[in-house]
4 protein chains.
Amino acid sequence: MGAGKTKRMPRAVREQQMLDAAVRVFGRRGYMAASMDEIAELAGVSKPLVYLYLNSKDDLFTACIRREARALTEAVRAGVRPGLSADGQLWSGLRAFFTHTARDPDAWRVLHLHARTHGERFAAEVAAMREEIVAFVTQLIAAAARDAHRDPHLPEREVAGLAEALVGAAESLADWAGATEGVTARQAAATLMNFAWAGLGDLMAGRPWSEPEDAGPELPAQAAG
Amino acid sequence: MGAGKTKRMPRAVREQQMLDAAVRVFGRRGYMAASMDEIAELAGVSKPLVYLYLNSKDDLFTACIRREARALTEAVRAGVRPGLSADGQLWSGLRAFFTHTARDPDAWRVLHLHARTHGERFAAEVAAMREEIVAFVTQLIAAAARDAHRDPHLPEREVAGLAEALVGAAESLADWAGATEGVTARQAAATLMNFAWAGLGDLMAGRPWSEPEDAGPELPAQAAG
Amino acid sequence: MGAGKTKRMPRAVREQQMLDAAVRVFGRRGYMAASMDEIAELAGVSKPLVYLYLNSKDDLFTACIRREARALTEAVRAGVRPGLSADGQLWSGLRAFFTHTARDPDAWRVLHLHARTHGERFAAEVAAMREEIVAFVTQLIAAAARDAHRDPHLPEREVAGLAEALVGAAESLADWAGATEGVTARQAAATLMNFAWAGLGDLMAGRPWSEPEDAGPELPAQAAG
Amino acid sequence: MGAGKTKRMPRAVREQQMLDAAVRVFGRRGYMAASMDEIAELAGVSKPLVYLYLNSKDDLFTACIRREARALTEAVRAGVRPGLSADGQLWSGLRAFFTHTARDPDAWRVLHLHARTHGERFAAEVAAMREEIVAFVTQLIAAAARDAHRDPHLPEREVAGLAEALVGAAESLADWAGATEGVTARQAAATLMNFAWAGLGDLMAGRPWSEPEDAGPELPAQAAG
DNA sequence: CATGAATGAGTCTTCATTCAT
DNA sequence: TATGAATGAAGACTCATTCAT
């Protein structure tokens, strides 16, 4: 199962195969429980080659985190429609986010679960990515305030907390969608928009958030690695 | 450091010392990286005694999860003021939640991070606790709908998603409050109430959620362990 | 299962209970795999008491061997009818032997299997018993020669070898009878008499050994332990 | 001591070295008392390599049993002269047997003592070998009956008992020959032929079994390992 | 470029044995 | 007399990592 045994591939390709295998194994087993043996076998290469290319388990894990963090942020960035209103942007960004996490659950587990669990080094690596996303959300909130012709007078820390809450809710929903049969990325995004934008108060009062009409088509969901 | 080394303690006491140590080590290192040696040393006993009382690393971890899950749910339950309105109950519950997680961050990491990362057995153990909390939140949402004299006609799955989002946001804010100097449990709870109850939309429109007046005093935060 | 928890028994009784338990556990598990915990539990006493009475695992095992070796030799000695012819004596001795080994298989395993497997000390202990039996058989062979009014001119070593073969055959048949459903002590003894006294040659020629008429009744087989 | 420490040997060679060491250690100490450390050291390799090649203590022991059981049966099979009379075949087979057991006493102890002492799995492994030998002996007895132009009318179980007795006597004599200075395989075999074929009765009457003239020369006894 | 061979260090776990009461 | 509490020592097994080819 996996890469087979074709020899003499260019280095870049081999490296990607190794990273694919590593993400899969790390995602399923966690950092400590993952064994270099299993990764090498799944990648279809010998263990020394993994060390030759990726240097150490530590470095290999870091490489996985970097690659997947970049992939995720880029997916979100690509999904956002720049010209839209704040909630329109958030809506499209969330859809991209949920689509991506659903597409490669192992990668998502690496980033969200395992990387944050083992040592400052790895945690810092994801924290960088997370901050980028939080910053994006923060700026969206600010933009929304401008749209409303209001200076919301929210203290900076309050805004940071709100962004944190939003991102945390998104992460949690990504897990939930991954674990719950039949929840699409669109539904997850809609639920979160309702929750975050309208709020439970409005929701209870029968004023849900409604999807803007120009938010673009459903994103294609191609199978992961 | 901590437990002291007085010999010949009754079993029940020693067991608690061991669990204290285990929660600390598991919380800081994760299940796999934690070593029974370190736990025993921190508990001030020899390794065989840990095995005699707690049986195995697996069982020890399970015992930690159970104890801390129970402690957390009981803290939240005790914090909720039963007679209040839905948002009042949520508010008091959240304050208890953030107070508790801030009080013992290691226990919180065990439950939130490590238990969910290693094997179905452990995950199921926390899932039970989480479901209890999600159920509480779900029922709060329903109560809020009744308060608004409305049947919100939200499909069951939608409600589940909302609860998931709320809990996820809370979890994320707990991490954030733990990592950010000077954020109190009260502030975290307020941020989350704003976010979850009023929603970003209302917030931007200058209609934040406001704290009910009868929600009780600040909870004392005494240090753990 | 076992002794129950009656307190304050006289020392001699307690010791026998411990030896009973030890023989059972040693017989089933072997010396190394037997645990003092299991023995103490089966004996219905606490571990320190076992040490107080029997001193160490080593000494406990030795005590088991001594007790059971003495029991076995005494059973055989008691079974032999002194006035008989050589084959009559062998016949009655063998019946006693097979009866005894069938009665307490655990004791037999201790002597025949485990004691010879773990260290010179223990092996020497059973060797003494075995030599006693071999000597008895040797003397029987010599008596048979006298009965035949012949000096068989068998060298001493040859006689020793024959006795060894006979005892070995008996031991093997004891195992076989213990493992094979429905083989009585009498049958095992008859088989061995045929084999050893008549020999395969005579047997094939239709001249089996036949039981003397004065060899006494079947021995009672009372349950072990 | 023994294997030498030349590095980088092909796997097959190393495996044999490991088995050699294992047979020696298992034979001297028994299964439980043998430590993987000692085996690895005696084999001149590190412990992980033993595990890499042989998988576990259990599997290593099984491998020893299989190898030595096969070696023993093949030695006996090779020693038997097919064209001979029944007692001639038995005579040659026994000589091969005693020669082999004398050559490698540790292997003999593994098969005869330790394998039967620890767990059904191992016992079954030797039981298979033993049955092969018992079957051979049984068939010899039947052949002897044909040679005597008689149908011995011995019940099947009786024949099984006789074979068991013969094999047991042989095993016991192998131990005895191994422990007694100066007893050759030939002498042990002769003693057993006298005992088993002629029987004590004939022996006492001055009719010993006599060696057939075509039974081949003494087998060479080269030292093991 | 690629790998079969090999290991140092560490982990979980068990057990015989003792002390303080 | 009898035991609950406690441990030093050791054993099976695994893993990240490196040579030599």
Side-chain angles (χ1 to χ4, degrees), chain A residues 5 7-11 14 32-40 44-60, chain B residues 5-15 32-40 44-60, chain C residues 5 7-11 14 32-40 44-60, chain D residues 5-15 32-40 44-60:
Chain A
K5 260 198 152 179
K7 305 241 166 172
R8 306 273 155 180
M9 325 248 318
R11 169 161 183 155
R14 273 273 148 95
M32 291 297 291
S35 90
M36 295 298 272
D37 270 294
E38 188 178 358
I39 293 171
V45 296
S46 72
K47 237 188 317 173
L49 200 59
V50 179
Y51 279 87
L52 189 61
Y53 284 179
L54 275 317
N55 211 41
S56 74
K57 191 183 189 183
D58 220 88
D59 287 3
L60 174 56
Chain B
K5 257 196 152 179
T6 340
K7 304 253 166 164
R8 305 272 149 180
M9 326 254 311
R11 172 169 181 152
V13 176
R14 270 281 139 89
E15 263 185 30
M32 292 296 292
S35 94
M36 295 298 273
D37 269 297
E38 188 179 357
I39 292 171
V45 296
S46 70
K47 234 187 320 171
L49 201 60
V50 179
Y51 278 90
L52 188 61
Y53 287 174
L54 275 316
N55 214 40
S56 73
K57 193 183 187 183
D58 213 272
D59 285 5
L60 174 55
Chain C
K5 261 198 152 180
K7 305 237 172 179
R8 306 274 156 181
M9 324 248 319
R11 170 160 182 158
R14 272 275 148 96
M32 292 297 291
S35 91
M36 296 297 273
D37 270 292
E38 188 178 359
I39 292 171
V45 298
S46 72
K47 236 185 321 173
L49 200 59
V50 178
Y51 279 87
L52 189 61
Y53 284 179
L54 276 316
N55 211 41
S56 75
K57 192 185 189 183
D58 219 87
D59 288 3
L60 175 55
Chain D
K5 256 195 153 178
T6 340
K7 305 254 167 163
R8 302 275 149 179
M9 325 255 309
R11 172 169 181 155
V13 176
R14 268 280 139 89
E15 261 185 31
M32 292 295 292
S35 93
M36 295 298 273
D37 270 298
E38 187 180 357
I39 292 172
V45 297
S46 70
K47 230 186 328 170
L49 200 61
V50 179
Y51 278 91
L52 188 61
Y53 286 174
L54 275 317
N55 214 39
S56 74
K57 192 183 187 183
D58 214 271
D59 285 5
L60 175 55

What is the separation between atom [atom1] on [X] and atom [atom2] on [N], rounded to the nearest whole Å?
X: D:L52; N: F:dA12; atom1: CG; atom2: P; answer: 18 Å
X: B:E38; N: E:dC12; atom1: CD; atom2: C1'; answer: 15 Å
X: D:L54; N: F:dA12; atom1: CG; atom2: C1'; answer: 14 Å
X: D:L49; N: F:dA12; atom1: CG; atom2: C1'; answer: 16 Å
X: B:Y53; N: F:dG4; atom1: OH; atom2: P; answer: 10 Å

Within the structure shown, what part of the strands sits under 4.0 Å from B:R11 by heavy-atom distance: base, sugar-phosphate, or nothing? sugar-phosphate
Smallest separation among heavy atoms of C:L52 and C:R11, with atom names: O-NH2, 4.2 Å
Quick check on E:dA2: is either OP1 or OP2 less than 4.0 Å from any side-chain nitrogen or oxygen of A:R14? yes
Where the side chain of D:K57 meets the backbone of D:S35, is there a donor-acceptor pair that is under 3.5 Å apart? no
Determine, step by step, whether A:L60 and A:M36 satisfy the side chain to side chain contact (heavy atoms under 4.5 Å, CB included) criterion, reporting the C-alpha distance in whole Å, the side-chain angles of both residues, the deciding distance to 0.1 Å, and the verdict. CA-CA 10 Å; A:L60 174 56; A:M36 295 298 272; 4.1 Å; yes
Where at least one partner belongs to residues 46-55 of chain A, residue pairs that pass side chain to side chain donor-acceptor pair (under 3.5 Å), sequence neighbours excluded: A:D37-A:K47, A:N55-A:D59
Of all the base pairs, Watson-Crick or G-U under 3.5 Å, which form stems of three or more consecutive pairs involving DNA chain F? E:2-21 with F:2-21
Taking protein heavy atoms under 4.0 Å as touching, what does nucleotides 14-21 of chain E look like 5' to 3' if B marks base contact, S marks sugar-phosphate-only contact and - marks none? BBSBBBS-
